[in-house]
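Below: the structure, in structure tokens.
Starting from 1, each residue takes its place in the sequence as its number.
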Amino acid sequence: IDDRLRDLGYDPAYHETLRKREEEERKTADQYHELEKAQAAFEPLQRQMDDVSKQHEIAEKEFTDISTQSQQAVERYEKEKRDLPDLIAQEREFNDLKEKENILRMQVGGAQQAVDVLKGLQERRKEIEARLQDLRVEITRYRTLERSCGKDGVPALLIEQALPELENQANDILDRLTAGSMSVRFVTQAEYKSKKRDDKKETLDIMIHDSAGTRAYELFSGGEAFRVNFAIRLALARVLAQRAGARLQTLVIDEGFGSQDTQGKQRLIEAINLVQHDFKKILVITHLEELKDAFPARIEVEKSPLGSTVRVIA
């Protein structure tokens, strides 16, 4: 490298001199740029100073005008003050008038308050009359609704319309449960105890017909009553589902087998199997051991000192 530098004629001292000159010229260029910036900033300031000077001249002229007007106003005030009447007498008269005005204002205020109260009472009366009219209409509607929902209204019409179908469905199921030995009939009207009345009272009695004749539901034993209950409840569910346009999904039978004799249990199981296609799921809850094998699948719950356990048997 040194040989190459000698061939090129490189002079370190001269190179250092040029570098220092370049640094000085760079500082001079920076100062020149700063000067240009200062000149550029000076021109707006000069214009601003000119504007301030003009505004100052205008303000001095306005101040002079205002001073002249103020002096003129003071002179007019002094002149008019000399021509004013007796201030004490005028003040006394003013106070008297002010007192009379206050009295009149109080009287007007009382009258206005009475008028406002009267207007409020009139508005309140209108509101009460409107509310009373609404209440009369509402009372009429409630009375109509009460008659419609009473025993002689819509419920009676619905019961009369549904009872034939409900009776047929219940008898169909009861026929399966009792091998045709029992049937049910719904009575919706009965005679009054008083012989003086020709009309009949609205009622809903369940009459059961069997080999012993026709008796009221209350006179049957637990096993027989359960079969009638089962038939009526299942029939009611069917009728409601048909009217709603839906299919019954689940049937739950909680106990009830304990009140049946052996033949009654078998018929009840047969009836459940006969209606199983009407339901998606049938759940039978019982504690009787002899009924474990009567259904295809079961859930056994066993209680022990450590708690209850559940076992599914399919």
Next on the checklist: Between Val228 and Phe220, does the side-chain contact (heavy atoms from CB on, under 4.5 Å) criterion hold? Intermediate values first, please.
Outcome noted: CA-CA 9 Å; Val228 174; Phe220 281 81; 5.8 Å; no
Next on the checklist: Nearest 0.5 angstrom please: Glu62 CD to Thr64 OG1, how far?
Outcome noted: 10.0 Å
Item to check | Stepwise salt bridge (charged side-chain N to carboxylate O under 4.0 Å, His left out) test for Arg125 and Glu129 | outcome: CA-CA 6 Å; Arg125 178 182 177 182; Glu129 289 178 350; 3.1 Å; yes
Checklist entry - Would Arg311 and Ile313 count as a side-chain contact (heavy atoms from CB on, under 4.5 Å) if you check the C-alpha gap in whole Å, the side-chain angles of each, and the deciding distance to 0.1 Å? => result CA-CA 6 Å; Arg311 184 173 53 150; Ile313 301 175; 4.0 Å; yes
Checklist entry - Between Thr28 and Glu24, is there a donor-acceptor pair closer than 3.5 Å when you use the side chain of the first and the backbone of the second? => result yes
Checklist entry - Would Asn95 and Arg92 count as a side-chain contact (heavy atoms from CB on, under 4.5 Å) if you check the C-alpha gap in whole Å, the side-chain angles of each, and the deciding distance to 0.1 Å? => result CA-CA 5 Å; Asn95 291 332; Arg92 188 182 300 113; 5.5 Å; no
Next on the checklist: Assigning hydrophobic clusters by single linkage (Ile, Leu, Val, Met, Phe, Trp, Tyr; side-chain heavy-atom cutoff under 4.5 Å), is Met207 placed with Met182?
Outcome noted: no
Checklist entry - Step by step, would you call Gln72 with Thr68 a side-chain contact (heavy atoms from CB on, under 4.5 Å)? => result CA-CA 6 Å; Gln72 293 174 354; Thr68 302; 3.7 Å; yes
Checklist entry - Crowded around Gln48 CD? As in, over 12 foreign heavy atoms under 6.0 Å? => result no
N/O donor to acceptor pairs below 3.5 angstrom from side-chain atoms of residues 98-113, sequence neighbours left out:
{"from": "Glu101", "atom 1": "OE2", "to": "Arg105", "atom 2": "NE", "distance (Å)": "3.1"}
{"from": "Glu101", "atom 1": "OE2", "to": "Arg105", "atom 2": "NH2", "distance (Å)": "2.8"}
{"from": "Asn102", "atom 1": "ND2", "to": "Lys98", "atom 2": "O", "distance (Å)": "3.2"}
{"from": "Gln112", "atom 1": "NE2", "to": "Asp116", "atom 2": "OD1", "distance (Å)": "3.1"}

Next on the checklist: Applying side-chain hydrogen bond (donor to acceptor under 3.5 Å, both in side chains) to Tyr217 and Asp205, what does each step give before you reach the verdict?
Outcome noted: CA-CA 8 Å; Tyr217 165 80; Asp205 297 327; over 6 Å; no
Next on the checklist: Any salt bridge linking Lys54 with Asp50? Criterion: basic side-chain nitrogen under 4.0 Å from a carboxylate oxygen.
Outcome noted: no
Next on the checklist: Grouping I, L, V, M, F, W and Y whenever their side-chain heavy atoms are under 4.5 Å apart, do Ile232 and Val187 come out in a common cluster?
Outcome noted: no
Checklist entry - In this structure, are over 12 heavy atoms from other groups packed under 6.0 Å from Arg215 atom CZ? => result yes
Checklist entry - Rounded to the nearest 0.5 Å, how far does CD1 of Ile128 lie from CG of Leu135? => result 11.0 Å
Checklist entry - Atom CD1 in Ile253, atom CG in Leu283: separation rounded to 0.5 Å? => result 9.0 Å
Checklist entry - Just by modelled atom types, is the Ile66 backbone N or O under 3.5 Å from a matching donor or acceptor in the Ser70 side chain? => result no
Checklist entry - Is it true that a side-chain atom of Asn171 and a backbone atom of Glu167 form a donor plus acceptor pair closer than 3.5 Å? => result yes
Checklist entry - OG/Ser181 to CG/Leu174 distance, rounded to the nearest 0.5 angstrom? => result 7.5 Å
Checklist outcome for this item: d(Ile173 CD1, Leu234 CG) to nearest 0.5 Å is 3.5 Å
Item to check | Within-4.5 Å side-chain heavy-atom neighbours: Glu300 and Val310 | outcome: no
Next on the checklist: Please tell me whether Ile285 and Ile299 are part of a single hydrophobic cluster in this structure, the criterion being side-chain heavy atoms less than 4.5 Å apart.
Outcome noted: no
Next on the checklist: Going by the rule salt bridge (charged side-chain N to carboxylate O under 4.0 Å, His left out), which residues pair with Glu25 if we only count those two or more places apart in sequence or in a different chain?
Outcome noted: none
Checklist entry - Closest approach of Val184 and Ile206, non-hydrogen atoms and distance? => result CG2-CG2, 3.6 Å
Checklist entry - Is there a donor-acceptor pair closer than 3.5 Å between any side-chain N or O of Thr214 and the backbone N or O of Asp210? => result no
Checklist entry - Any salt bridge between Arg19 and Glu16, counting N to O under 4.0 Å? => result yes
Item to check | Trace of the salt bridge (charged side-chain N to carboxylate O under 4.0 Å, His left out) decision for Glu22 with Arg26 | outcome: CA-CA 6 Å; Glu22 190 271 337; Arg26 187 182 303 168; 2.5 Å; yes
Checklist entry - Would you say Asp175 and Asp172 make side-chain contact, with heavy atoms under 4.5 Å? => result no
Checklist entry - Can you tell me how far the CD atom of Glu218 sits from the CD1 atom of Ile208, to the nearest 0.5 Å? => result 9.5 Å
Next on the checklist: Side-chain heavy atoms nearer than 4.5 Å, only ILVMFWY residues, links allowed to pass through others: does that put Val301 and Val312 together?
Outcome noted: yes
Item to check | Taking every non-hydrogen atom, the tightest pair across Ala170 and Ala235 | outcome: N-CB, 3.3 Å
